[in-house]
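The first residue in the sequence is number 1, and the count goes up from there.
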Amino acid sequence: MSSSTALTPPAFEPSAQIDLVDALIEQGWYVGHNVINQELCYALHRELHHMAEHDVLDEAGIGRGQHHHLRKDIRGDAIHWLDRESDAQRRYLDAMANLQQALNQALFLGLFEYEAHFAHYPPGAFYQRHLDSFRGRANRVISTVGYLNPHWPSDGGGEMVIYHPDDPSREIARVVPEAGTFACFLSETIPHEVLPTRCPRASIAGWFRRNASLGGVLDPAR
């Protein structure tokens with residue numbers, strides 16, 4: 001087969017899905033290395049770097065809707081929601097759609113949609129320990145983080161720390177934000193934080209959601 005007709009390598013390592021599902025069942029979180037295709041990581045990294053250079057990212061806040069506000073003392077990243085505007089974004093979102101189907105088939109979660117944004121942390125930025133969804137308001141069910149940073153230095157900081165669901169002060173994992181690494185965890189139960197970074201840090205944060213619309217009132221993503 002010629003190079004022009006060769007198949008595009010998968011965006012997401014297929015064998016990782018089994019380990020991911022097993023880890024969610026056993027402990028509520030998963031971290032895998034070399035899960036996201038490296039060329040795709042580089043393409044997404046270039047796209048986010050271009051946005052950051054041209055100042056088209058939005059400052060991230062906390063809360064949703066009328067309760068959304070900026071708190072630099074809590075989080076310092078800037079974001080851009082994925083909207084399939086590039087081939088790289090489409091490949092990533094298609095991979096997450098396949099993962100959503102696999103999660104629904106294996107865990108019967110009723111996941112309805114996926115939302116995701118680029119996250120750019122400039123040097124010194126962090127995100128304090130938090131949960132991605134409040135108990136009893138489980139529109140966000142499973143959180144995902146795909147890391148895009150090539151050649152992350154050992155002293156670069158910016159690790160994501162995962163804490164024990166029953167003891168939020170107990171660290172159980174620390175994730176180096178290097179390209180290809182993929183993490184996911186239960187949004188309601190797994191506390192986590194991003195430590196201060198010493199280098200520009202690039203990732204995609206995403207959430208698989210249930211349809212929480214009630215009484216004809218829509219519960220939109222974001």
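- Considering every non-hydrogen atom in both Asp77 and Ala119, the closest pair reads OD2-CB, 3.9 Å.
- Considering every non-hydrogen atom in both Gly28 and Ile190, the closest pair reads O-CG1, 3.6 Å.
- Atom CD1 of Ile18 is surrounded by 12 or fewer heavy atoms from other residues, nucleotides or ligands within 6.0 Å.
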Apply the test side chain to side chain donor-acceptor pair (under 3.5 Å) to residues Gln89 and His80: give CA-CA distance (whole Å), side-chain angles for both, the deciding distance (0.1 Å), then the verdict. CA-CA 12 Å; Gln89 288 191 35; His80 177 82; 4.8 Å; no
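- Heavy atoms only, all atoms of each residue included: Gly110 and Asn104 are closest at N-OD1, 3.1 Å.
- When all heavy atoms of Ala11 and Leu40 are compared, the pair lying nearest together is CB-CD2, 3.5 Å.
- Take Tyr147 and apply the ring pair (Phe, Tyr, Trp, His ring centres under 6.0 Å) test, not counting sequence neighbours, and it matches no residue.
- Within the 4.5 Å cutoff, the side chain of Tyr30 has heavy atoms near those of the Phe182 side chain.
- Of the inter-residue distances, the one linking Asp19 atom CG with Glu26 atom CD reads 9.5 Å to the nearest 0.5 angstrom.
- Residues Phe208 and Leu109 are not in side-chain contact: their nearest non-hydrogen atoms beyond the backbone lie 4.5 Å or more apart.
- The closest side-chain heavy-atom distance from Leu195 to Phe126 is not below 4.5 Å.
- Residues Trp207 and Ile142 have side chains not in contact (no heavy-atom distance under 4.5 Å, counting atoms from C-beta outward).
- Both Phe118 and Val56 belong to a single network of hydrophobic side chains, linked directly or stepwise wherever heavy atoms of I, L, V, M, F, W or Y lie under 4.5 Å apart.
- The distance from the CD1 atom of Ile36 to the CG atom of Leu148 is 6.5 Å, given to the nearest 0.5 Å.
- Among residues at least two apart or in separate chains, salt bridge (Lys or Arg N to Asp or Glu O under 4.0 Å) pairs with a member in residues 86-108 are Arg84-Asp94.
- Residues Ala106 and Val21 approach most closely at CB-CG1, 3.8 Å, considering heavy atoms.
- A 4.5 Å side-chain heavy-atom check between Phe112 and Arg209 finds every atom pair outside the cut-off.
- Shortest non-hydrogen contact noted between Pro123 and Cys199 is CG-C, 4.2 Å.
- No side-chain heavy atom of Ser143 sits under 4.5 Å from any side-chain heavy atom of Cys184.
- Neither side chain, Glu13 nor His33, offers a donor N or O lying under 3.5 Å from an acceptor on the other.
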Applying side-chain contact (heavy atoms from CB on, under 4.5 Å), run through Asn139 and Ser133 and close with a yes or a no. CA-CA 7 Å; Asn139 50 1; Ser133 183; 3.9 Å; yes
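- Residues His130 and His192 have side chains that bring a donor and an acceptor to within less than 3.5 angstrom of each other.
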Set out, in order, the CA-CA distance, both residues' side-chain angles and the distance that settles side-chain contact (heavy atoms from CB on, under 4.5 Å) for Glu188 and Leu186, then state yes or no. CA-CA 6 Å; Glu188 274 195 335; Leu186 300 180; 5.9 Å; no
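- Taking the ring centre of Tyr163 as origin, the terminal cationic atom of Arg129 falls inside the region bounded by 6.0 Å and 45° from the ring axis.
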Would you please test Arg201 and Trp152 for side-chain contact (heavy atoms from CB on, under 4.5 Å) and show each step? CA-CA 9 Å; Arg201 179 188 188 276; Trp152 191 256; 3.9 Å; yes
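- Residues Leu103 and Leu24 have side chains in contact (heavy-atom distance under 4.5 Å, counting atoms from C-beta outward).
- Here the straight-line distance linking atom CD of Glu159 with atom OG1 of Thr197 works out to 8.5 Å at 0.5 Å rounding.
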Audit row: Glu59, Lys72, salt bridge (Lys or Arg N to Asp or Glu O under 4.0 Å) steps and yes/no: CA-CA 9 Å; Glu59 287 187 285; Lys72 286 291 187 180; 3.2 Å; yes
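- For His164, the NE2 atom counts as densely surrounded, since its 6.0 Å shell holds more than 12 non-hydrogen atoms of other residues, nucleotides or ligands.
- With 3.5 Å as the limit, one finds no donor-acceptor pair spanning the side chains of Tyr121 and Ser203.
- Residues Trp81 and His117 meet the side-chain proximity criterion, which asks for heavy atoms closer than 4.5 Å.
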side-chain contact (heavy atoms from CB on, under 4.5 Å) assessment of Leu20 paired with Leu99: CA-CA 10 Å; Leu20 186 155; Leu99 179 58; 4.2 Å; yes
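- Note on residues 33-58: no pairs pass salt bridge (Lys or Arg N to Asp or Glu O under 4.0 Å), not counting sequence neighbours.
- One distance of note links CZ of Arg174 with CD1 of Ile162; it measures 11.5 Å at 0.5 Å rounding.
- Going from atom CD1 of Ile204 over to atom SG of Cys41 covers 8.0 Å, rounded to the nearest 0.5 Å.
- The distance from atom CD of Gln27 to atom CG of Asp22, rounded to the nearest 0.5 Å, is 10.0 Å.
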